[in-house]
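The next block holds one structure in the form of structure tokens; read it before the comments.
Everything numeric here is computed off the predicted structure, so don't read it as measured data. We count residues from 1, following the sequence as given.
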Amino acid sequence: MPESQPYVGRPLKRIEDPRLVRGEGQYVDDLRIPGLTHLAFLRSPHAHARVIAIRTDAARKAPGVIAVVTAGDLSALKPTPFMATLPGLKAWPYQVLADGVVDATGVPVAAVVAESAVLARDAIDLIDVEYEPLPAVADPERALAPGAPLVHPDFGTNQAFSAPMKGGDVEAAFARAAHVVSVRVEHNRIAGVPMEPRGVTARYDRGTGELTVWLTTQNPFLARSDLATMLGFPEEKLRVIALDVGGGFGVKGPVYREEVVAAVLAIRLGRPVHWMSSRLEDLQTTHHGRATVTSAEAAVTADGEVIGLRTSAVFDLGAHLLSLSIVPPLSNAIHVLGPYRIQNIELTSVGAYTNTAPTGPYRGSGRPVGVYLIERVMDEAARATGLDPVEIRRRNFIPPAAFPYRTAFGVTYDSGDYARALDRAVELAGYGALRREQAEARGRGEIVGIGVAAYVESTNVQGWESGVVRVERSGRVTAITGASPHGQGHETTFAQVIADQLGIAPDDVIVRHGDTLGAPQSIGTFGSRSAGLGGNALARAAGEVRDKARRLAARLLEAAPEDLQLVAGGFGVKGAPEKVVAWSRIADAAHRAAGLPPGESPGLEATVFFRQDQPSWSFGAGIALVRIDRDTGHVRLERFVAVDDCGNAINPLLVDGQIVGALAQGIGQAMTEHVIYDEAGNLLTSTFMEYAPPRADDMPELVLDRTVTPSPLNPLGVKGVGEGGACVAPPAIVNAVIDALSPFGVTHIDSPLTSEKIWRAIRS
């Protein structure tokens, strides 16, 4: 590719990868700090029980033990701050160590600090706890039923909130409907299971009064703010560092109790404290995703237009709320209308406490819940009207000319061409031929299904992000971003953006991130926001640096600024190729402040807080082909076609990587993954022997393509792309399996699509 072409849009390999594949990354568990101590927790085996007594004498006397603490040993901590909340929310105080009652398995009741992790775990085994078991409830609908055991008796109810929403005239829509279709979907509870589980190291400097916390977090600044609030610690003296983070997917967004305990004990003991989760602890205590029951009735005209919706959603919140627990219900509400022009809707969202682990954002947050429901509705509407699933979606799509489009809930979609994405998926799948082949296969007794789904995804959320661009004396560039990567490839993408603004190569840009010291205030990385907000912040900062450098270069070249142009490695005079000044000379002049133009300040850097008041809406479509073994019920996902639109792609290779990763997690939700509790609240899927993330051989042939509808809301025209696959894959695959089983009279089946479930559906 010619060097004159922009770097934005090129499929460059990731700058980050060589050191990571060589094992040279640095994660929290790699830290070796002098005087490091190790933290372990004693966790409740009961889902609900009263703590009668905790006997710690033997543990305190164990070799290498430095401290043993229970709830009574910790100073008062302030409540967890919430990023999002709802009117009338009943929020139970979040106890870092259980005080009197445990409300879920895995809740810690005591902690040990010792000279090694092994000694800490050995001492944990010496603590004796006497429990009085209490009735438990693990199902959100049962938790809301009269007479259910109360998770928090002081509330007198397990309902944490009820949030009704309405837009349009729903009653009139149903009055003129030719068909009313209904759907009920149980969204299986799933775990994020990032490759690196959660961990923390905290160090307190008594001389300076500063606390440094190395954390497996997606959001260092939000974590710093929440930690400072909960600890009552001066935020300006608290530094949070995210080193290399091995995956996040939303579950490393909030601050957890273990991190608070580590910080408290580091301050108290005056020594660094380290904790690293085991996989069991991760599955028990890191917040889960989905865990929702949704239902809908849709008013449909004779020609297939969906004109009204009545929907409800019951969210299983677990036993307590984290800072992000209310985000999925809010996100579901604005995505349940999908890409369709439905102007009449009622939605009631209810949150239920259960004796289980907390829930919160997991790849897509509440987006996949809303998308799943409306895509099941569209298939049921197609069945009622006799229309093909593709055709009914075409008839209901918001047309391109309608953008910006305001939904019935008052949310504005910025741009879209939904039919184009679906038409491209239909073309790539050979949809007409697939339907003919399906008919032939059914004639041979084979069970084959084709599923269709479309989605919209709000991206560039939470409104703003920061970026710093500085040209060093050497002419190389240092960029500091408020976005905090955990696998996305920020160092590569942001270097491409800056390189184009400054006329340099991406290799000349160093992108720094993940440290609250020396970086401007920021939000972090979640919700498909990094490129759209962090990328635009850096692009604008680089533009300001470029404009200043042009003025300085004009002084050095004795030319007018408007007569200069960017050339490789610096600025040159238009029409005089021999008159060039390199970035290194410009930067040296700026930093020495010698001979600066009047009114020009020293230095060559800019800090920008980029603001986008409304989300940019990505979208796409997926088509799944499945084949089912009649004798075993095994579902084989043979092919998945995905067409996504994220506006302008900064790096198509990384975009495809995000799409594939999201599809893999969506396929896991549809096919294999399910966190299961028994009726007493015992976790039955506590290892990878029971909890089944997708394996390489579970992945189908993937056919990927993109359409391009730039966002008008930011200069780069970009939208996020990290979560679309997790939105579109589950409904497309479930729709395909229901299509395959339709000759057997099956009209609905919930994920995960296990062999036993499918076998029973065929037999029944």
Side-chain angles (χ1 to χ4, degrees), residues 3 6-8 12 15-16 18-19 26 239 241 466-483 485 490-522 534-574 576-610:
E3 291 298 315
Y7 285 103
V8 168
L12 302 185
I15 295 170
E16 302 92 325
R19 67 180 179 85
Q26 187 178 42
R239 178 185 183 186
I241 302 172
S466 64
V468 177
V469 173
R470 178 172 63 246
V471 182
E472 309 289 359
R473 288 179 183 270
S474 63
R476 292 174 65 87
V477 174
T478 297
I480 304 170
T481 176
H490 290 173
E491 293 176 32
T492 306
T493 351
F494 292 162
Q496 289 177 257
V497 170
I498 294 165
D500 278 353
Q501 295 291 324
L502 301 182
I504 59 179
D507 288 345
D508 291 327
V509 181
I510 296 173
V511 178
R512 303 197 183 281
H513 51 77
D515 191 341
T516 60
L517 180 67
Q521 185 72 36
S522 75
N536 276 286
L538 290 171
R540 188 164 287 177
E544 292 183 9
V545 167
R546 180 193 62 231
D547 293 344
K548 180 177 181 178
R550 185 190 301 275
R551 298 191 297 270
L552 300 182
R555 181 91 166 190
L556 295 170
L557 290 170
E558 299 181 344
E562 59 269 21
D563 291 333
L564 300 190
Q565 62 184 0
L566 277 175
V567 298
F571 283 89
V573 178
K574 298 173 185 177
E578 74 283 358
K579 297 192 70 175
V580 174
V581 62
W583 275 106
S584 56
R585 187 179 170 199
I586 299 169
D588 183 64
H591 291 300
R592 284 191 300 107
L596 294 179
E600 200 73 75
S601 60
L604 195 51
E605 71 175 75
T607 300
V608 166
F609 291 83
F610 177 78

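Scanning all heavy atoms of the two residues, the minimum distance from P597 to L552 falls at CD-CD2, 3.6 Å. Heavy atoms only, all atoms of each residue included: V545 and A606 are closest at CG2-N, 3.7 Å. For the pair L557 and V573, the tightest heavy-atom approach, listed with the atom from each and the gap, is CD1-CG2, 4.0 Å. Closest approach of A549 and L604 over heavy atoms only: N-CD1, 4.1 Å.
A donor-acceptor pair under 3.5 Å is formed between the side chain of K548 and the backbone N or O of S601. Checked by atom type and distance alone, the side chain of K579 never pairs as donor or acceptor with a backbone atom of A559 at under 3.5 Å. Between the side chain of T481 and the backbone N or O of G534 there is no donor-acceptor pair closer than 3.5 Å.
Looking only at side-chain heavy atoms (C-beta outward), E544 and E605 stay at 4.5 Å or farther from each other.
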Can I get a per-line list of side-chain donor-acceptor pairs under 3.5 Å for residues 498-508, giving both atom names and the distance, sequence neighbours left out?
residue, atom, partner, partner atom, Å
D500, OD1, Y7, N, 2.6
D500, OD2, Y7, N, 3.1
D500, OD2, V8, N, 2.8
Q501, OE1, R546, NH1, 2.6
D508, OD1, R476, NH1, 3.2

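Within a 6.0 Å sphere centred on CD of E562, heavy atoms belonging to other residues, nucleotides or ligands number more than 12.
If you take CD on E491 and CZ on R512, they are separated by 9.5 Å, rounding to the nearest 0.5 Å. Between the CD1 atom in I510 and the CZ atom in R470 there is a gap of 10.0 Å [rounded to 0.5 Å]. Rounded to the nearest 0.5 angstrom, Q26 CD and I241 CD1 are separated by 9.5 Å.
Among residues two or more places apart in sequence or in another chain, the side chain to side chain contact (heavy atoms under 4.5 Å, CB included) test is passed with A553 by L564, F571, V581, I586.
Counting only N and O atoms by type, the side chains of S466 and Q521 include no donor and acceptor under 3.5 Å apart. For H591 and E472, the side-chain atoms include no donor-acceptor pair closer than 3.5 Å.
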